[in-house]
Student: 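Questions regarding the structure given below will be posed in turn.
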There are 2 protein chains.
Amino acid sequence: MELFAEHGYDGTTVAEIAERAGLTERTFFRHFADKREVLFAGSDELAERVAQLVVDLPPAPPLAAVTAALSSAFGDQLDGLLSWARQRQAVIAANRELGEREVAKLGSLTAAISQALGRRGVDGPTARLAAEAGMVAFRVAFDRWIADDLPAGEPLGERIRRCAAELGAVTAGPLDLAQPDSAAATATSTASS
Amino acid sequence: MELFAEHGYDGTTVAEIAERAGLTERTFFRHFADKREVLFAGSDELAERVAQLVVDLPPAPPLAAVTAALSSAFGDQLDGLLSWARQRQAVIAANRELGEREVAKLGSLTAAISQALGRRGVDGPTARLAAEAGMVAFRVAFDRWIADDLPAGEPLGERIRRCAAELGAVTAGPLDLAQPDSAAATATSTASS
DNA sequence: GTCTATAGTCCGATAGAC
DNA sequence: GTCTATCGGACTATAGAC
């Protein structure tokens, strides 16, 4: 993080990171599969922990279990680390490959949660949708938490629950248009080359 | 796609792709920012098209507009290209970097949809959540469409609407646990090292 | 089109811990 | 003896600079 803050991610070579840590470049690659991974150390273990929380929770609707597990795993750990989280997010946002790695990690977490719901007896399709819905709430809540200018705003756990509630409101409405895509659909109904 | 099917993505060099196309390696990088992009050509234009559809639709609830636009843009174009889509997804699924690029592209599409909803007068937070919700429905529907063994199953557009409806059901329930994370939260309530 | 740097892999060698 | 962590060199492909 020191080197990234100084020269940026792209401007920092693996050799420099290794040297700062008192190691060689080759050793770095024994610990991290690629350069990006150094910013996501421990994410697999965290996903496992969230999954375990989902499994262990008392009976509840699927989405409630997901948001409770996410709040419990991230809310308590991250509140107090706001400035560190901001710094890390700034580095990630400034680099395309890092952003891609991050969404991929979030995807793995989604899959782990879906599987954990399955172990609670939730059927496959519902588990997938509840996991995706919970992760939408988490990502939106996290982004708001990072973006807030307030030094000590609403804690992350509260935000997650509120975002999940807002998501429920958005998905509650009817899905059919008054005149089902009359203009839009006919314009593309024939196969284009 | 021919070369990827023969030797796999990693086993195919940019030089080979360029040669097959009658070009040089450097010219390839003039058309595509990196090797991965060759599998996502036209995705930016497609995102723009979806956004335009969202803007142009008649008045409707935000999520209904999103699913209608996605169905209209992808449903008609992709049905009939199922085997091609399966081949492409197989290549992407077999390579980590390609999977990461794909989720990143889907993230860009989500942002474009959210912005388009803003131009319909939807407020920011609701736009984001409706875009995310619609994309969850799209991704789940797409995965089911690809995975189905049936040669001619339910068309993609129908699946999207059904997944959105299922998502509404999942997010409808109460969000609080009976005993708000009594066991799970207390175990991690103190700051861990 | 040429040149170059960096990421990442494969080979093997060494040394300490148990 | 086995496991694991370190290191070194040679090598290729991606990708950027010019």
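Below, chain A is the first sequence line, B the second, and so on; all start at residue 1.
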Student: Tell me whether A:W145 shares a hydrophobic cluster with A:F138, the cluster being built from Ile, Leu, Val, Met, Phe, Trp, Tyr side chains joined at under 4.5 Å.
Tutor: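 Linked, A:W145 and A:F138 end up in one cluster.
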Student: Mind checking A:A33 for me? I need base, sugar-phosphate or nothing, with any heavy atom below 4.0 Å counting as a touch.
Tutor: sugar-phosphate
Student: So, are A:R20 and A:E16 salt-bridged, with charged N and O less than 4.0 Å apart?
Tutor: no
Student: What's the closest nucleotide to the side chain of B:D34 if the choices are D:dA15, C:dA7, D:dT6?
Tutor: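 Taking heavy atoms from C-beta onward, the closest nucleotide is D:dA15.
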Student: Any side-chain heavy atom of B:R128 within less than 4.5 Å of one from A:R139?
Tutor: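 When only atoms from C-beta onward are counted, A:R139 and B:R128 do touch, with a gap below 4.5 Å.
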Student: Between D:dT14, D:dG8, C:dG8, which one does the side chain of B:E25 approach most closely?
Tutor: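 The answer is D:dT14.
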Student: So does A:K35 pair up with A:E97, basic N to acidic O under 4.0 Å?
Tutor: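 Salt bridge between A:K35 and A:E97, a charged N being under 4.0 Å from a carboxylate O: no.
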Student: Does B:T27 or A:R36 map to a spot on DNA chain C nearer the 5' end, using the closest nucleotide for each?
Tutor: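 Nearer the 5' end of the strand: B:T27.
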Student: Using heavy atoms to find the nearest nucleotide of DNA chain C for B:T24 and A:K35 separately, return the residue whose nucleotide is more 5′.
Tutor: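 Whichever sits nearer the 5' end wins; that is B:T24.
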Student: Does any non-hydrogen side-chain atom of B:D56 lie less than 4.5 Å from one of B:L53?
Tutor: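 Sidechains of B:D56 and B:L53: no contact.
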Student: What is the separation between atom NE2 on A:H31 and atom C1' on C:dG8, rounded to the nearest whole Å?
Tutor: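 Distance check: A:H31 NE2 to C:dG8 C1' gives 16 Å.
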Student: Nearest to the B:T13 side chain among D:dT14, C:dG8, D:dA15, which nucleotide is it?
Tutor: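 Given the options D:dT14, C:dG8, D:dA15, the side chain of B:T13 is closest to D:dT14.
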Student: Whole-Å distance between D:dT6 P and A:E19 CD?
Tutor: 16 Å
Student: Can you check the B:R96 CZ to C:dT9 P distance for me, whole Å?
Tutor: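 Distance, rounded to whole Å: 11 Å.
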Student: For the pair made of CZ in A:F28 and C1' in D:dC7, what is the distance, rounded to whole Å?
Tutor: 16 Å
Student: Can you check whether A:I146 reaches A:D143 side chain to side chain, under 4.5 Å on heavy atoms?
Tutor: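 No - every pair of side-chain heavy atoms lies 4.5 Å or more apart.
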Student: Check every atom of D:dT6, D:dT14, C:dC11 against the side chain of A:R26 and return the nucleotide holding the closest atom.
Tutor: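 Nearest nucleotide to the side chain: C:dC11.
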Student: Using whole Å, what does the distance between atom P of nucleotide D:dG16 and atom CD of B:E37 come to?
Tutor: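 Rounded to the whole Å, the gap is 12 Å.
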Student: Which whole-number value in Å describes the distance from B:F29 CZ to C:dA5 C1'?
Tutor: 14 Å
Student: Report the distance from atom CD of A:E16 to atom P of C:dT6, rounded to the nearest whole Å.
Tutor: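 Distance, rounded to whole Å: 8 Å.
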Student: Begin from the C-alpha positions of B:E158 and B:R144 and carry the test salt bridge (charged side-chain N to carboxylate O under 4.0 Å, His left out) through to its verdict.
Tutor: CA-CA 12 Å; B:E158 304 294 324; B:R144 291 184 189 172; over 6 Å; no
Student: Between atom CZ in B:R30 and atom P in D:dT14, what is the gap in whole Å?
Tutor: 19 Å
Student: Compute the bend angle of the helix from C:dG1-D:dC18 to C:dC18-D:dG1 from the end axes (five pairs per end), rounded to 10°.
Tutor: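 One end's axis against the other's: 10°.
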